[in-house]
Q: 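After the structure tokens below, expect a handful of questions from me.
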Amino acid sequence: MRHMRFFSFIFSMFLFVPSAGGQKNVVSKAELDHFEIGRHTFFDVGPPFDFYELLLVRSTGSGSVVQRIILTPPGNACFAPAKIETVSASLTESVSALLGNTSPCAIPEKELRRELKRCKNCIVFSGANITMRAPCGSQSRLIRSDVLDRDMFAVAPNTPEHTSWTMQLLNHLDQALGSGVMEKPAFSVLGEDQATETKLDPEVQRGLESGAFDELFPKEKEKLSSIYSAAQVRLPPPSVQLVGSLPFAPQDPAIPQYPPLARAARIQGLVSFTVFLDTHGNLAAPIFAQGHPLLLEAVREAVRTWKFTDTARGQTISASIQFSLNCPTSSK
């Protein structure tokens, strides 16, 4: 009878074995040929305060390739539009080697839930919400991790096992990809942190458009597909234009660059000035009659290179330059 109970117990264990979330050997890490990670990094200083990253890891014949797509949500529609940055890197390690001794399909769901509850009532100023999606059998599994500010910055953070493994994996991928959101300036000034956009793979682009990656950010109110859609809106860039120069116009004049600090401070308007051209054709420094101080130096640097015809020698010339941000007017 005891033997019968024992075999009945063993048989029932096979019947009620949990799916990929609880069974440790459904899919070994050696069988995984790809995985995806969504990472929402947030800071208490900025703007920007939030960065959404999508990391796509795929096997290749000689190792693996990782692509990182950073999507920054829009702040002010004109001065901080949504943007996309992407970079790829080839790795000599296979997907299995990248995962180390851990199989995403074998991590017990109970342990993941316990790690997520470790600091339920903590006040977290900076951190990252991370979700890995891995194919486990016929289904995909989502592995969630919350990285707290102490995990990122403390000397002895006491980070739990699976969260620590996730951080180490991401750190390895980030090193291969180069500087990311942690290296971005706390306060981005327009013109100093311009994104270099590269063309997305058509399949990835369709996934972003359709919301196929939205489930990698389950805690966030903002959907990845919405940020991607906002980044497709192209606003007119700021412009600088010579609107008048009397009684003589300069020949092929240099137009001032819009100062980044003036753009960040949302400064625009007309700069009016006079310049004197002596009898030898030398141009004196401009005398300003109107214009914001943050715009004047850019005008001064451009005007000093202006050239006029000989008939303008010995004359005083009045000119105006218009700086326009070209921000869309908000509809009420």
Q: Does the plane of the ring in F51 sit parallel, tilted or perpendicular to the ring in F43? Use 30° and 60° as the thresholds.
A: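 F51 and F43: perpendicular rings.
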Q: Any side-chain to backbone donor/acceptor pair from R234 onto A231? Under 3.5 Å, distance only.
A: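 Side chain of R234 to backbone of A231, a donor-acceptor pair under 3.5 Å: yes, one is there.
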Q: Checking one residue: V65. Which other hydrophobic residues are in its cluster under the side-chain 4.5 Å linking rule?
A: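 None, because no other hydrophobic side chain comes under 4.5 Å of this residue.
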Q: Can you tell if the side chain of L200 reaches within under 4.5 Å of the side chain of T86, non-hydrogen atoms only?
A: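 SC-SC contact between L200 and T86 confirmed.
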Q: Hey, is E209 close enough to R206 for a salt bridge, meaning N to O under 4.0 Å?
A: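 No salt bridge links E209 with R206.
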Q: Examine L270 and I287 and state if one hydrophobic cluster contains both, with Ile, Leu, Val, Met, Phe, Trp and Tyr joined whenever side-chain heavy atoms are less than 4.5 Å apart.
A: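 They do not share one cluster, since no chain of ILVMFWY contacts under 4.5 Å joins L270 to I287.
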Q: May I have all residue pairs that pass salt bridge (Lys or Arg N to Asp or Glu O under 4.0 Å) and include part of residues 64-74, sequence neighbours excluded?
A: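 Every pair satisfying salt bridge (Lys or Arg N to Asp or Glu O under 4.0 Å) with a residue in residues 64-74: R68-D174.
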Q: When the side chains of residues 315-323 are checked against the rest of the protein, which donor-acceptor pairs come out under 3.5 Å, sequence neighbours left out?
A:
from : atom 1 : to   : atom 2 : distance (Å)
S320 : OG     : S272 : OG     : 3.2

Q: Would you check if I69 and I84 make a side-chain contact, meaning some heavy-atom pair closer than 4.5 Å?
A: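 Yes, side chains in contact.
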Q: Which distance, rounded to the nearest 0.5 Å, do you find between the CG of L173 and the CG of L169?
A: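 Here the interatomic distance stands at 5.0 Å.
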Q: Is there a path from L116 to M152 through hydrophobic residues (I, L, V, M, F, W, Y) whose side chains come within less than 4.5 Å of each other?
A: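 No.
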Q: So do L98 and H172 actually touch side chain to side chain, heavy atoms under 4.5 Å?
A: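 With C-beta onward as the side chain, the pair touches.
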Q: Determine, using the 4.5 Å side-chain heavy-atom cutoff (strictly less than), whether L295 and L261 are members of one ILVMFWY cluster.
A: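 Linked, L295 and L261 end up in one cluster.
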Q: Return yes if some donor-acceptor pair links the side-chain N/O of D214 with the main-chain N/O of S225 below 3.5 Å, else return no.
A: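 Judged by distance alone, yes, a pair lies under 3.5 Å.
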Q: Donor-acceptor check, side chain of W165 to backbone of G100, threshold 3.5 angstrom: yes or no?
A: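 Absent.
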Q: Is L32 close to P104 at the side-chain level, that is, under 4.5 Å between some pair of heavy atoms?
A: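 A side-chain contact exists here, since the closest heavy-atom pair is under 4.5 Å.
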Q: Given a cutoff of under 4.5 Å between side-chain heavy atoms of I, L, V, M, F, W and Y, with clusters grown through shared members, what are the other residues clustered with F125?
A: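 F125 clusters with I123.
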Q: Just jot down the ring-ring contact (aromatic ring centres under 6.0 Å, His included) partners of F217, sequence neighbours excluded, or say none.
A: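 F217: ring-ring contact (aromatic ring centres under 6.0 Å, His included) contacts with Y52.
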Q: Would you please name every residue forming a side chain to side chain contact (heavy atoms under 4.5 Å, CB included) with E215, sequence neighbours left out?
A: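 Scan of E215 (side chain to side chain contact (heavy atoms under 4.5 Å, CB included), adjacent residues dropped) gives R133, L142.
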Q: Any side-chain heavy-atom pair from R144 and L112 closer than 4.5 angstrom?
A: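 Not in contact.
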Q: Within the 4.5 Å heavy-atom criterion, are E53 and I37 side-chain neighbours or not?
A: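 Heavy-atom side-chain distance check fails, nothing below 4.5 Å.
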Q: Once rounded to the nearest 0.5 Å, what's the spacing between atom CG of L54 and atom OG1 of T131?
A: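 That separation rounds to 11.5 Å.
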Q: Distance check, rounded to the nearest 0.5 Å: E203 atom CD versus L56 atom CG?
A: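 Result: 9.5 Å between the selected atoms.
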Q: Which residues pass the side chain to side chain donor-acceptor pair (under 3.5 Å) test with R313, sequence neighbours left out?
A: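 In terms of side chain to side chain donor-acceptor pair (under 3.5 Å), with neighbours along the sequence ignored, R313 is linked to D310.
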Q: State whether the number of non-hydrogen atoms from other residues, nucleotides or ligands found under 6.0 Å of Q290 atom CD is greater than 12.
A: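 Result for CD/Q290: enclosed.
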Q: Give, for atom CG of D201 and atom CZ of R58, the distance between the pair rounded to the nearest 0.5 Å.
A: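 CZ of R58 is found 9.0 Å from CG of D201.
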Q: Are Q168 and S164 close enough that a side-chain donor and a side-chain acceptor fall under 3.5 Å?
A: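 Checked: Q168/S164 side chains pair up, N/O donor to acceptor below 3.5 Å.
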Q: Would T309 and T311 count as having a side-chain donor-acceptor pair, cut-off 3.5 Å?
A: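 Looking only at side-chain atoms, T311 and T309 do form a donor-acceptor pair, the distance falling under 3.5 Å.
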Q: In the structure I gave you, are the side-chain heavy atoms of T166 and M132 within less than 4.5 Å of one another anywhere?
A: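 When only atoms from C-beta onward are counted, M132 and T166 do not touch, as no gap falls below 4.5 Å.
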Q: Any side-chain heavy-atom pair from Q175 and N171 closer than 4.5 angstrom?
A: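 Of all side-chain heavy-atom pairs linking N171 with Q175, at least one is under 4.5 Å.
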Q: Enumerate the residue pairs fulfilling side-chain hydrogen bond (donor to acceptor under 3.5 Å, both in side chains) with a member in residues 151-163, sequence neighbours excluded, ordered by first and then second residue.
A: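 Output for this query lists E111-H162, E115-T163, R118-D151, D151-T159.
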Q: Can E109 and R114 be counted as an ion pair, charged N to O under 4.0 angstrom?
A: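 Salt bridge flag = no for R114 with E109.
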Q: Can you tell me how far the CD1 atom of I267 sits from the CG atom of L294, to the nearest 0.5 Å?
A: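 So the gap between those two atoms works out to 4.0 Å.
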Q: Atom CD in E31, atom SG in C136: separation rounded to 0.5 Å?
A: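 Rounded to the nearest 0.5 Å, the CD-SG separation comes to 10.0 Å.
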Q: Report the residues that fulfil side chain to side chain contact (heavy atoms under 4.5 Å, CB included) with L325, sequence neighbours left out, ordered by chain and then residue number.
A: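 Only F79, Y258, R263, R266, Q268, C327 meet the side chain to side chain contact (heavy atoms under 4.5 Å, CB included) criterion with L325.
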Q: Give the other cluster members for V155, using side-chain heavy-atom distances under 4.5 Å between Ile, Leu, Val, Met, Phe, Trp and Tyr residues; answer none if it is isolated.
A: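 Its cluster partners, ordered by chain and number, are none at all.
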Q: Report, one line per pair, each donor and acceptor closer than 3.5 Å where one atom sits in a side chain of residues 237-257; sequence neighbours left out.
A:
from : atom 1 : to   : atom 2 : distance (Å)
S239 : OG     : N326 : ND2    : 3.1
S245 : OG     : F248 : O      : 2.7

Q: If you group Ile, Leu, Val, Met, Phe, Trp and Tyr whenever their side-chain heavy atoms sit less than 4.5 Å apart, what else falls in with L148?
A: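 Reading the cluster by chain and number, L148 sits alongside F42, V124.
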